[in-house]
Novice: 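Once you've had a glance at the structure underneath, I'll fire off some questions.
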Amino acid sequence: NAGVTQTPKFQVLKTGQSMTLQCAQDMNHNSMYWYRQDPGMGLRLIYYSASEGTTDKGEVPNGYNVSRLNKREFSLRLESAAPSQTSVYFCASSHRGDNSPLHFGNGTRLTVT
Amino acid sequence: GQQLNQSPQSMFIQEGEDVSMNCTSSSIFNTWLWYKQDPGEGPVLLIALYKAGELTSNGRLTAQFGTTRKDSFLNISASIPSDVGIYFCAGQRAGTASKLTFGTGTRLQVTL
């Protein structure tokens, strides 16, 4: 049982390049999330998908797009990477609704030069 | 966006000591969660609190949901080296479908 799997684990991009971060969960969860983690800032929500077929903006959505490909997979795309997007990105999933704890992947460390 | 205030930001303690950390907010939450993050990994849920005044334990860890619903506390008794990591609190407001607001983290380091 892998839980939440993120790929790649590390990535270096040049300013202006694009890339897609992949996330898959095998827990049959309805909701999936993308967070970024920066030093001294805790975790901030970028986008989330409450259920298959829906996506919504979180706290810091600018510069990102997401796709809920199916119930298992939720991808995050950077169309034109900027140095300010250097961060550690975490995908998470949960059952639906309030009081459902999040289960996190192990993160993707992205550096934009 | 709002971040929860966690204190202390970091702490060094000796093995065997008890640890206390807290999390405060200007807003009311109806759920408080405590997560631990080990280096190179994602946060892992330690304790979930769903009711004001609730006190819940998980082994050597005890957490409390503050009566004002604006704060929460985590205690670790008799710390051991594997307690090292970053501890995050997270709060959830009613009707926000699992969207959490995270604290800035408390980095715990244990000396032998």
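Reminder, nothing fancy here: chain letters follow the sequence lines and each chain counts from 1.
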Novice: Can you measure from CG (A:Asn106) to CG (B:Asp38) and round to the nearest 0.5 angstrom?
Specialist: 10.0 Å
Novice: Got a donor-acceptor contact below 3.5 angstrom from the A:Tyr33 side chain to the B:Leu100 backbone?
Specialist: no
Novice: In the single-linkage hydrophobic clustering (I, L, V, M, F, W, Y; side-chain heavy atoms under 4.5 Å), do A:Trp34 and A:Leu13 co-cluster?
Specialist: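 Yes; A:Leu13 is reachable from A:Trp34 via cluster members.
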Novice: Against chain B, label A:Gln37 side chain, backbone, both or neither, depending on which of its atoms sit under 4.5 Å from a heavy atom there.
Specialist: side chain
Novice: Measure the spacing between CD of B:Gln37 and CG of A:Leu43 and express it to the nearest 0.5 Å.
Specialist: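 Atom-to-atom, B:Gln37:CD and A:Leu43:CG are 6.5 Å apart.
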Novice: Any chain of hydrophobic side-chain contacts (each under 4.5 Å) joining A:Val112 to A:Ile46?
Specialist: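 Result: yes, single cluster for both.
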Novice: Give a yes or no on whether B:Leu46 and B:Val84 share a hydrophobic cluster (residues Ile, Leu, Val, Met, Phe, Trp, Tyr; joining criterion: side-chain heavy atoms under 4.5 Å apart).
Specialist: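 B:Leu46 clusters together with B:Val84.
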Novice: Does CD in B:Gln109 sit with more than 12 non-hydrogen atoms of other residues, nucleotides or ligands closer than 6.0 Å?
Specialist: yes
Novice: State the CZ-OG1 distance between A:Arg44 and B:Thr101, to the nearest 0.5 angstrom.
Specialist: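 OG1 of B:Thr101 is found 12.5 Å from CZ of A:Arg44.
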Novice: Quick check: is A:Leu110 connected to A:Phe90 through a chain of hydrophobic side chains (ILVMFWY, heavy atoms under 4.5 Å apart)?
Specialist: no
Novice: How long is the gap from CD on A:Glu59 to CZ on B:Phe102, to the nearest 0.5 Å?
Specialist: 11.0 Å
Novice: Please report the interatomic distance CD(B:Glu41) to CZ(A:Phe104), rounded to the nearest 0.5 Å.
Specialist: 13.5 Å
Novice: Counting heavy-atom pairs under 4.5 Å to chain A, which of B:Gly105, B:Pro43, B:Ala90 comes out on top?
Specialist: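 Most pairs with chain A among the choices: B:Pro43.
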Novice: Heavy-atom count around A:Arg77 CZ within 6.0 Å, excluding the residue itself: above 12?
Specialist: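 Yes - once you tally the heavy atoms of other residues, nucleotides and ligands closer than 6.0 Å, there are more than 12.
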